Amino acid sequence: MVEAFAPGKCILFGEHAVVYGHPAVALAIDQGVRVSLKKSEEWRIGGEKFDPFKHPHISHILHKIFYYNGEPLDIKIESQLFPAAGLGSSAALSNAIGAALHKMMKPNEKLDIVKLAKIGHSAEAAAQEGRASPTDTATSALGGCVVVSGEPVKGTEHIFNTELVTPEGKRSWSIYKSILPEKTDGIWLILGFTGESSPTGKMVAGVANLLSQVPSKKDEMEAINEITLKGLDALSKGNFEAVGLAMDECHEHLQNLNVSSDSLDRLVEAVRPYSLGAKMTGAGGGGCIVAISRNPQRVSEQIEIAGGIPMISKIGTKGVKII
Ligand code: PMV
């Protein structure tokens with residue numbers, strides 16, 4: 001049997017602006033997806049018969065990437081991530097499957113995480129009609145703090161470039177890593193799930209529509225870009241007070257782009273008194289908020305009182321691993 005674990009992610013700064021070429025900053029979180037593969041008499045997944053149409057990510061990786069034609073596999077998946085909530089659960093699944101298959105088929109070859117991130121990205125695209133940003137798969141593969149940007153970002157290390165042919169034409173991205181401070185000073189990341197799913201495609205289309213009808217909203221994108229760079233600089237220096245302020249500011253601009261929701265705003269308001277900063281994370285319209293705080297238990301309680309589901313993570317979890 002082979003096993004692998006890949007973490008989920010949250011976007012700390014830059015969601016939506018990244019669609020327009022600005023940088024986005026994502027952090028890997030402690031929670032993720034664990035996959036185990038065992039040779040078996042018949043193809044099974046989660047105790048049931050494996051239906052490739054229900055699992056396009058897995059079929060893509062098995063047959064289009066690894067050209068697997070060995071014995072049938074019994075695939076077990078344990079996810080700690082809320083699905084369709086902006087935490088990168090499908091990317092973590094793709095990466096964990098990719099890593100486990102690598103171990104099974106090439107046991108003596110070191111896992112190349114950049115290659116794995118690209119495989120995960122191609123699986124996401126195959127399952128999403130050719131549209132997928134590499135943010136989730138890159139963050140889950142590399143771990144720590146990942147920056148996705150159309151242009152170089154000061155203080156980061158360039159890791160790889162990637163591109164995808166989408167129905168709208170070819171798109172390309174550069175992936176960078178930012179060094180996190182060694183001491184995180186008792187600071188924790190707290191996610192709060194609204195219980196509603198986060199429809200990425202619909203929210204991205206809504207922003208495009210808003211920008212075409214109200215061109216002055218482009219200023220919001222510029223503002224998010226500046227906040228992202230300021231927030232990233234503060235994060236790399238371990239100035240968490242400034243990171244929190246940047247998160248609060250970022251949330252306001254996302255509200256101005258109409259991507260927040262009543263339930264996201266309610267969770268953000270509930271945690272603010274006990275946090276250094278809080279904002280919605282990901283596409284919005286549902287999904288999660290993210291807060292940073294020295295008092296994660298109190299923030300979690302506030303999330304529960306306001307009707308959400310909390311999850312606590314440290315800042316700077318490692319990327320995908322074979323167990
Ligand atoms: O909720 P998520 O993790 O799917 O966030 C999407 C982030 C966007 O910037 C809104 C879209 C994208 O492709 O980057």
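Numbering of ligands and ligand atoms starts at 1, following listing order. For clarity, every value in this text was computed on a predicted model and none was experimentally measured.
- The protein heavy-atom contact nearest to atom 14 (O) of ligand 1 is V18 CG1, 3.3 Å.
- With a 4.5 Å cut-off on side-chain heavy atoms, I65 and L101 do not count as touching.
- A side-chain donor from one of S122 and H60 sits under 3.5 Å from a side-chain acceptor of the other.
- Side-chain contact check for D265 and H251: at least one donor-acceptor pair (N or O, by modelled atom type) lies under 3.5 Å.
- In terms of polar-atom proximity, defined here as any N/O pair under 3.5 Å, A283 does make such a contact with ligand 1.
- No donor-acceptor contact under 3.5 angstrom links the side chains of T137 and E124, judged on distance only.
- From the protein, the heavy atom lying nearest to atom 13 (O) of ligand 1 is S133 CB, 3.3 Å.
- Protein heavy atom at the shortest distance from atom 9 (O) of ligand 1 is H16 N, 2.9 Å.
- Looking at atom 4 (O) of ligand 1, its nearest protein heavy atom turns out to be T200 OG1, 2.8 Å.
- Taking distance alone, with nitrogen or oxygen atoms compared against 3.5 Å, E15 stays at or beyond that limit from ligand 1.
- Aromatic ring pairs are classed by plane angle as parallel below 30°, tilted from 30° to 60° and perpendicular above 60°; the pair H55 and F50 is parallel.
- Here I11 has side-chain heavy atoms under 4.0 Å from ligand 1, and that is the only part of it that gets that close.
- For K9, the heavy-atom gap to ligand 1 drops under 4.0 angstrom.
- A cation-pi contact, defined as under 6.0 Å to the ring centre and within 45° of the axis, is absent between R34 and F5.
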